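Below is one structure, written out as structure tokens; the observations come after it.
Just so you know, ligand 1 is whichever comes first in the structure, and atom 1 is the first atom listed for that ligand. Bear in mind that the values here come from a model prediction, so they are computed numbers and not experimental data.
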Amino acid sequence: MLDTVLFWIEKNRGRFLHDLKNWLAIPSISAQPDHAADVQQAAEWAADYLRTIGLSVETVPTAKNPCIVATTPATLAPAGSPHILIYGHYDVQPPEPLDLWTSPPFSATVRNDQLFARGASDDKGQAHCHLAALMAWKEINSGFPCRITVLLEGEEEIGSPNLMSVVNARRDLLGSADILLISDTNIFAPGVPSITYGLRGLAGVEFALTGAKTDLHSGMYGGTVANPAHALVEMLARLHDKDGRVTVPGFYDQVLPLTDAERDMWKTLPHDDTAFARDLGVPALFGEAGFSTLERKWARPTLEINGLTSGYQGAGAKTVLPNRASVKITCRLVPNQDGEEITDRLIAHLKSLTPPGVTFDIVYRAKASPPAITPIHSPAMAAAAKAMELAFGKAPVFQREGGSIPVVAWFKQALNIDSILLGFGLPDDRIHAPNEKLDLPYYYNGIKTCAAAYDLLAEALKT
Ligand code: BES
Ligand code: MN
Ligand code: MN
């Protein structure tokens, strides 16, 4: 049966691409309030699509953007079969800066076998691999190889603040899943199919330093009061030591050390520092001393300035002594760091570094996204790897990733469900950046991987 399903997928590539383009046309930008109606529409698009495929679909409202919960009706899945939960997100990052896009971000365009659009890779394109695979099973088999539930959320790019309220409200259904399958990651390199077994977490704050009541003439007042911009950069410069280590006290206390087995496994991956630097256009790599590039991005925590603002930014000169300076900072976390604890430590450290003459204020404190690591030696993982091998003609490697997907750790904590991260993006997909794309051969192989995974996981998870 699987062979026939895979053959049908091959025949229907044009239809899948056409459908995906329609979804990509909806600017479901969760960060921008102006796009609330579009976010809603992208959710409805997915709900209708899943309904057409034959699933029982529910749109679950939240305080902000709805979740779609769609499940195979009893008539379309073998009774007592394992239950696979699929997670994806239909929201996308803002497309700005718009002038750097070669074709408009919400008018998906194919060039050189690559599909260009915001969300092409992160995550509509990858989520659609599952929708297409489900369609194929339904068409060929008039049913699914096991029980399958699809959970799509619209707030992943803003930290999934309302996801767990939906999970709690639908705990009976979602909690009965045997495994959580997610396609929202990259493979290691072109031609190197990969399964991701670890993600970093995220903790973040935005803070401001304030000086006088108002901006001041720098001639009249320069030399008499502290300049918040100077105070800020001085503080920020102290957040790393000369070896690139973060200076927040206790920052590394809970870091799970790398095992020798993992270190050795990563050394076999086809990574080359020179090529990595060249592809990024940087004159040299930079990071914490004593760790390789892959170790730094997958297994070491970091602290980064994401945005920095103070003073006059317009054309020409202005002799002003600004009264405010602010910065957005995030830390990538690794197992077993606790995001809220790290945020507390970071804030305490920042306060202690604040020089006299300015006032420190937290503008925004993000809800932390926990780091995650999933077992690689399990029957489910072996089945997923086999599915990938069937579709790509090559067995996958196992890697971690530096990005964050909050749901992975939350599902483990709340429901004790392990995730399998079966990603089809490429490292150069430019997710979150202008000209995001998805390579179509990886999209089609992704659909096949998903279709095969349902079948092989159904078998592997049988009790
Ligand atoms: N799909 C990404 C996460 C990702 C990217 C995993 C690349 C592996 C490789 C996800 O949509 C994302 O962007 N997550 C945010 C976290 C969120 C809490 C805002 C991130 O990592 O910045
Ligand atoms: Mn994503
Ligand atoms: Mn993203």
- Find all atoms of ligand 1 within a distance of less than 4.0 Å from any non-hydrogen atom belonging to I431, and give their numbers and elements. 5 (C), 7 (C)
- Task: Without swapping roles, check the side chain of R200 against the backbone of R300 for a donor-acceptor pair under 3.5 Å.
- Result: yes
- Message: I'd like the atom name of the N/O/S atom in D122 lying closest to the Mn ion (ligand 3).
- Response: OD2
- What's the shortest distance from atom 19 (C) of ligand 1 to any protein heavy atom, and which residue and atom give it? E157 O, 3.7 Å
- Message: Closer than 4.0 Å to some heavy atom of G159 - which atoms of ligand 1 meet that?
- Response: 18 (C)
- Got an N/O contact under 3.5 Å between N186 and ligand 1? no
- For H89, the atoms of ligand 1 under 4.0 Å from one of its heavy atoms are 11 (O)
- Task: Measure from the side-chain N and O atoms of S310 to the backbone N and O of R324, and report whether any donor-acceptor pair falls under 3.5 Å.
- Result: yes
- Message: Among all protein heavy atoms in this structure, tell me which lies nearest to atom 11 (O) of ligand 1, with the distance rounded to 0.1 Å.
- Response: E156 OE1, 2.7 Å
- Task: Verify, without hydrogens or angle tests, whether T149 (side chain) and L85 (backbone) share a donor-acceptor contact under 3.5 angstrom.
- Result: no
- Query: With no hydrogens and no angle check, is any side-chain donor or acceptor of S28 less than 3.5 Å from a backbone partner on Y90?
  - Reply: yes
- Note on the structure: Residue, atom and distance of the protein heavy atom nearest atom 14 (N) of ligand 1 read S404 O, 2.9 Å
- Within the side chain of T72, is there an N or O that forms a donor-acceptor pair under 3.5 Å with the backbone of A77? no
- Item | Polar contact flag for S369 and ligand 1 (N/O pairs, less than 3.5 Å) | no
- Here the N/O/S atom of H432 closest to the Mn ion (ligand 3) would be NE2
- When you measure from the side chain of W298 to the backbone N and O of R400, does any donor-acceptor pair fall under 3.5 Å? yes
- Message: Just to check, does E155 reach to within less than 4.0 Å of ligand 1 when the distance is taken from its heavy atoms?
- Response: no
- Go through the side-chain N and O atoms of E155 and N162 and say whether any donor and acceptor fall under 3.5 Å apart. yes
- Could you walk me through whether R365 and E340 pass the salt bridge (Lys or Arg N to Asp or Glu O under 4.0 Å) check? CA-CA 10 Å; R365 175 185 171 134; E340 299 305 336; 2.9 Å; yes
- To the nearest 10 degrees, could you say what angle the Mn ion (ligand 2) makes with OD2 of D184 and NE2 of H89? 90°
- Message: Within 45 degrees of the ring normal and closer than 6.0 Å to the centroid, is that where the cationic atom of R13 sits relative to Y444?
- Response: yes
- Query: Is any N or O atom of H432, backbone or side chain, closer than 3.5 Å to an N or O atom of ligand 1?
  - Reply: yes
- Query: Nearest to atom 22 (O) of ligand 1, what protein heavy atom do you find, and at what distance?
  - Reply: R332 NH2, 2.8 Å
- Query: Will you find, in the side chains of E44 and T59, an N or O donor that is under 3.5 Å from an N or O acceptor?
  - Reply: no
- Part of D184 within contact of ligand 1 (heavy atoms, under 4.0 Å): both
- Query: With respect to the Mn ion (ligand 3), what is the nearest N, O or S atom of E157?
  - Reply: OE2
